[in-house]
There are 2 protein chains.
Amino acid sequence: MMKLTPQRQAILDIINASHRHWDADELARAMSDAGQSIGIATVYRGLAALESQGLIDSIQLADKKRYESADKAHHDHMVCTECGHIEEFSHQTIEQLQLAAAEEKGFTLTGHQLVMFGLCRQCNQAQGT
Amino acid sequence: MMKLTPQRQAILDIINASHRHWDADELARAMSDAGQSIGIATVYRGLAALESQGLIDSIQLADKKRYESADKAHHDHMVCTECGHIEEFSHQTIEQLQLAAAEEKGFTLTGHQLVMFGLCRQCNQAQGT
DNA sequence: TGATGTAACGATAATCGTTATCATGCTCAA
DNA sequence: TTGAGCATGATAACGATTATCGTTACATCA
Ligand SMILES: [Mn+2]
Ligand SMILES: [Mn+2]
Ligand SMILES: [Zn+2]
Ligand SMILES: [Zn+2]
């Protein structure tokens with residue numbers, strides 16, 4: 001078991017207090033802004049520790065890893081390529097069919113990540129026709 | 001339109017001649033081994049150019065981008081976390097349900113990537129019970 | 001033919017997210 | 001009280017990718 005130090009607790013609190021998907025740098029900056037500065041290495045180690053304990057979840061985007069609260073049911077993500085907005089969705093049938101597809105290939109699944117890219121509703125409208 | 005230089009043609013040939021998923025370094029090494037050395041920057045630029053023309057496809061894995069032939073129908077990937085083997089699969093219903101999920105959120109899809117992680121058939125057996 | 005413009009090349013520096021190193025600080029069981 | 005062991009933070013190192021820049025290949029035009 002790991003130790004829930006003040007730094008790790010603070011990271012966990014920030015993540016749990018919002019529905020955002022945070023990267024390491026944003027968390028360090030948020031803590032700094034809140035007067036509780038933290039070393040960037042400590043952020044990375046804390047995130048890894050919290051995730052290994054299942055206290056937070058992550059998604060690996062092209063450039064960086066982003067973390068979110070684990071207090072939500074499993075879901076996947078749509079990322080707006082215009083504004084960066086991340087929309088969540090879950091689809092039970094898709095999940096089931098993934099299991100079936102894996103079984104068909106002899107794969108034992110430990111995880112998956114489905115990311116869809118496109119324009120969110122707002123950016124769609126801003127774009128016009 | 002871009003120019004299909006000897007370097008880019010060679011990259012394209014290597015990718016099309018196999019079913020592998022290549023990273024930039026592997027391609028540079030393969031060309032070097034074949035007696036046609038190439039600058040690593042040229043590999044990256046060539047890959048970007050070829051992909052923008054739709055001549056090759058790519059998948060973004062955690063650490064690096066991998067490229068494959070575009071002479072295949074769209075498919076998604078299972079990655080073995082033990083041996084690195086990449087298995088391809090396609091599931092028409094999953095694709096359709098993705099479109100439905102996007103529409104429901106007001107997203108206009110431009111792409112998606114579904115990657116499943118786990119143990120491939122071989123590594124499953126090697127593991128035993 | 002030869003000047004000139006444009007795009008690609010290749011070596012290498014720079015960037016960026018992440019991990020490793022290491023000296024220092026805390027904490028808790030003996 | 002003490003010391004083993006884990007956490008922290010500054011910073012170096014790393015790996016993939018991109019930027020820079022001088023050089024080269026090639027096409028166009030005087
Ligand atoms: Mn999410
Ligand atoms: Mn493939
Ligand atoms: Zn948007
Ligand atoms: Zn395997």
Side-chain angles (χ1 to χ4, degrees), chain A residues 1-15 20-53 55-68 77 79 81 84 86 113 115, chain B residues 1-15 20-53 55-68 79 81 84 86 113 115 117:
Chain A
M1 281 298 112
M2 68 149 204
K3 205 176 300 183
L4 199 54
T5 64
Q7 285 90 342
R8 292 175 182 176
Q9 185 65 62
I11 292 173
L12 185 55
D13 289 344
I14 292 177
I15 291 177
R20 292 183 45 186
H21 300 79
W22 298 82
D23 67 33
D25 208 57
E26 289 169 347
L27 286 163
R29 218 147 356 93
M31 288 185 61
S32 183
D33 291 352
Q36 181 181 9
S37 92
I38 186 175
I40 188 63
T42 303
V43 175
Y44 278 106
R45 280 183 301 233
L47 287 170
L50 291 169
E51 182 173 28
S52 76
Q53 302 297 302
L55 296 174
I56 57 177
D57 286 336
S58 73
I59 51 176
Q60 172 73 51
L61 299 187
D63 46 343
K64 58 181 65 163
K65 214 168 174 184
R66 291 188 166 274
Y67 294 84
E68 64 180 316
H77 299 90
V79 180
T81 51
I86 300 181
Q113 185 177 284
V115 181
Chain B
M1 280 300 110
M2 70 149 206
K3 204 176 297 181
L4 200 54
T5 65
Q7 285 90 343
R8 292 175 181 176
Q9 185 65 62
I11 292 173
L12 184 56
D13 289 345
I14 292 176
I15 291 176
R20 291 183 46 187
H21 301 79
W22 298 82
D23 67 34
D25 207 58
E26 288 168 348
L27 286 163
R29 216 145 0 92
M31 289 184 61
S32 183
D33 291 351
Q36 181 182 9
S37 92
I38 186 176
I40 188 63
T42 304
V43 175
Y44 278 106
R45 281 183 301 234
L47 288 170
L50 292 169
E51 182 173 29
S52 76
Q53 301 297 301
L55 296 173
I56 56 177
D57 285 336
S58 73
I59 51 176
Q60 172 73 53
L61 298 187
D63 46 344
K64 58 179 67 163
K65 213 168 173 183
R66 292 189 165 273
Y67 294 84
E68 64 180 316
V79 180
T81 50
I86 299 182
Q113 185 177 284
V115 180
F117 305 97

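So that the names make sense, note that chain A is the first sequence line, chain B the second, and so on, each numbered from 1.
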| request: May I have the step-by-step check of side chain to side chain contact (heavy atoms under 4.5 Å, CB included) for A:E68 and A:H77, ending in yes or no? | output: CA-CA 12 Å; A:E68 64 180 316; A:H77 299 90; 3.2 Å; yes
message: Walk me through whether B:V43 and B:D25 qualify under side chain to side chain contact (heavy atoms under 4.5 Å, CB included).
response: CA-CA 8 Å; B:V43 175; B:D25 207 58; over 6 Å; no
### Query
Given the rule in the side chain to side chain contact (heavy atoms under 4.5 Å, CB included) test, do A:I15 and A:L27 qualify, once you have shown the distances and angles that lead to the verdict?
CA-CA 8 Å; A:I15 291 177; A:L27 286 163; 4.0 Å; yes
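Distances shown here put every side-chain N or O of A:T5 at or beyond 4.0 Å from the OP1 or OP2 atom of C:dC26.
Contact annotation for A:R8: backbone-only contact, meaning every heavy-atom pair under 4.0 Å involves sugar-phosphate atoms and none involves a base. If you check every strand for non-hydrogen atoms under 4.0 Å, B:T42 touches a base. Contact annotation for A:D25: no contact, since no heavy-atom pair falls under 4.0 Å across all strands. Contacts of B:D23 with the nucleic acid, taken as non-hydrogen atoms under 4.0 Å apart, are absent.
Between the P atom of C:dG10 and the CG atom of B:L47 lies a distance of 13 Å, rounded to the nearest Å. Protein atom CG of A:L61 is 13 Å distant from nucleotide atom P of C:dG17, rounded to whole Å. Residue A:E26 contributes atom CD, which lies 15 Å from atom C1' of C:dC16 at whole-angstrom precision. Atom CD of A:Q7 and atom C1' of C:dG25 are 11 Å apart (whole Å). The nearest whole Å value for the distance from the NZ atom in A:K64 to the P atom in C:dT19 is 14 Å. Summarising the geometry, the separation between OH on A:Y44 and P on D:dT8 is reported as 16 Å, rounded to the nearest angstrom. Atom CD1 in A:I11 sits roughly 12 Å away from atom C1' in D:dA7 (whole-Å rounding). Between the CD1 atom of B:I40 and the P atom of C:dA13 there is a distance of 16 Å, given to the nearest Å.
Partner of B:D23 under the side-chain contact (heavy atoms from CB on, under 4.5 Å) criterion, out of B:E26, B:H21, B:R20: B:E26 alone.
For B:R45, taking side-chain heavy atoms from C-beta onward, the closest of the listed nucleotides C:dC9, D:dT17, D:dG9 is C:dC9.
Side-chain contact between B:I14 and B:M31: present, with at least one pair of heavy atoms (C-beta onward) separated by less than 4.5 Å.
Taking for each of A:I38 and B:A41 the nucleotide of DNA chain D with the nearest heavy atom, the 5'-most of the two is the partner of A:I38.
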